Amino acid sequence: MVEKQVKVWFLRGLKQWNKSSNNRKMPWKGEKDPYKIWLSEIILQQTRVEQGWDYYLRFIQTYPTVQSLSQASDNEVFKLWEGLGYYSRCRNLLHTARVVANQRKGKFPDTQEGLLSLKGIGNYTAAAIGSFAFGLPLAVVDGNVHRVLSRVLGIREPVDTAKGKKRMEELAESLLDKQNPAQHNQAMMDLGATVCLPRNPNCTQCPFSKKCIACTTGTVGDFPVKSKKINVRHRFFYYLMLEYRNRLLVRQRENGDVWSQLHEFILKETDEPKELEEINRASFWGMRYAKNDWQIMDQSEPIVHVLSHQRINARIIHVRIKHPLQLKGYTWMSKEQIDQLAFPRLITRYRQSR
DNA sequence: AATACGGGGCG
DNA sequence: CGCCCAGTATT
């Protein structure tokens, strides 16, 4: 995909930079244990290094081996993942840990094909584990690599299409230093993360500043090209923290929507905003309670919770009742039980503020 | 091929 | 406010 000469100066520049100027340090850098590499890679999918850092440390401290993780309960692991987002990663993490521990004697596959067969491992993660743990000649292609390659080589093809991604993978592979895939991949990502930044890149410190198409033409801001714009859905969530004798009614969310498998209180979703006065009434929640049996303990301000594809406008009210009820799908739980479970940030924030 | 999936940081 | 982040699975 790239000319021989290009590969020569590219690898020379990358190695030189990596040796002399790359001082990036991370807990998992240089790690060889496939389990720890896998764990770090899953945590870091679409997640900034600083955000995942402490989660990684807590996970390896709590679960030092894939066996220990495989034996943990779902709730315990989700609680440790709480706040990190993209919770299907957590579900897949558990699934794969159990597959590796129970069906593969604790050994991760050491081939690209084998790695890709595991839930939660795609092209990027397979290349990362393959190269870092097993020295396989696989080139990682993540957001950093998109940036570095599109800018240096002046690739105008959008990187967020199937074709564009394929192109990036071919380019990355053709530039891979097969003598040392692990070091090469790490250097590519480090360069993207510390020099070839999304905004205001430090081109003066870049080994490719004289060769980079984007840099030499003053167009670094134009790369990488992306074609899609995301549509944001607006939703209105009203939560009822129903309390009876120090217990709250809680349920676990199903798959197929945001926050799958996390827990929450009684939820009423509406198409439009509702007045506080309306949600204060038991009838809004489909319940019949007399005034003196429906004690409003607290009401949150409107909470705007912004996700990539959704803007959730929420409000939480806390009501104490004197006569209990049963609600299908919900369970009465003590506050101690609730503290063991993972909730959306929107809810944990509210509870911590009270 | 397009879309859903979190949460936080930054200009 | 919009973009981006060590992407993947599903439709």
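Per chain, numbering begins at 1; letters A, B, ... match sequence-line order. Model, not experiment: these values are computed from the prediction.
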* To do: Taking atom CZ of A:Arg156 as the centre, report whether more than 12 heavy atoms of other residues, nucleotides or ligands fall under 6.0 Å from it.
  => no
* To do: Go through DNA chain C in 5' to 3' direction and return only the first and the last nucleotide with some atom under 4.0 Å of chain A's heavy atoms.
  => C:dG2 to C:dA9
* Hey, does A:Met188 reach any base, or is it just sugar-phosphate, or nothing, if we go heavy atoms under 4.0 Å? -> nothing
* To do: Using a 4.0 Å heavy-atom cut-off across all strands, classify A:Thr125 as base, sugar-phosphate, or nothing.
  => sugar-phosphate
* **Whole-Å C1' distance, B:dG6 and C:dC3** => 15 Å
* Asked: So, A:Lys226 and A:Asp160, do they make that salt bridge, N to O below 4.0 Å?
  -> no
* Asked: Base, sugar-phosphate, or nothing: which does A:Glu82 touch, judged by heavy atoms less than 4.0 Å apart?
  -> nothing
* Asked: Base, sugar-phosphate alone, or nothing: which one does A:Trp28 contact when heavy atoms must sit under 4.0 Å apart?
  -> base
* Asked: What nucleic acid atoms does A:Ala162 come within less than 4.0 Å of, heavy atoms only: base, sugar-phosphate, or nothing?
  -> sugar-phosphate
* **N-O pairing of A:Lys29 and A:Asp190 below 4.0 Å** => yes
* Between A:Arg235 and A:Asp257, is there a side-chain N and carboxylate O pair less than 4.0 Å apart? -> yes
* Check ion pair A:Asp177-A:Lys15 (N to O, under 4.0 angstrom) -> yes
* Structure fact -> Protein-proximity profile, nucleotides 3-11 of chain B, B/S/- by nucleotide at the 4.0 Å heavy-atom cutoff, equals BBBBBBBB-
* To do: Could you tell me whether A:Glu170 and A:Lys165 make a salt bridge, using a distance below 4.0 angstrom between a side-chain N and a carboxylate O?
  => no
* Asked: Between A:Arg91 and A:Leu44, which has a closest nucleotide on DNA chain C that is more 5'?
  -> A:Leu44
* Ion pair check, A:Arg98 and A:Asp74, cut-off under 4.0 Å -> yes
* Of A:Gly120 and A:Pro198, the one whose closest DNA chain C nucleotide lies more 5' -> A:Pro198
* For atom CD of A:Gln179, is the number of surrounding heavy atoms from other residues, nucleotides or ligands below 6.0 Å larger than 12? -> no
* **Pairwise P distance for B:dC10 and C:dA6, with rounding to whole Å** => 13 Å
* For A:Asn185, answer base if it contacts any base atom (sugar-phosphate contacts may also be present), sugar-phosphate if it contacts only those atoms, and nothing otherwise; contact means non-hydrogen atoms under 4.0 Å. => nothing
* **Quiz item: cation-pi between A:Arg247 and A:Tyr244, 6.0 Å / 45°** => no
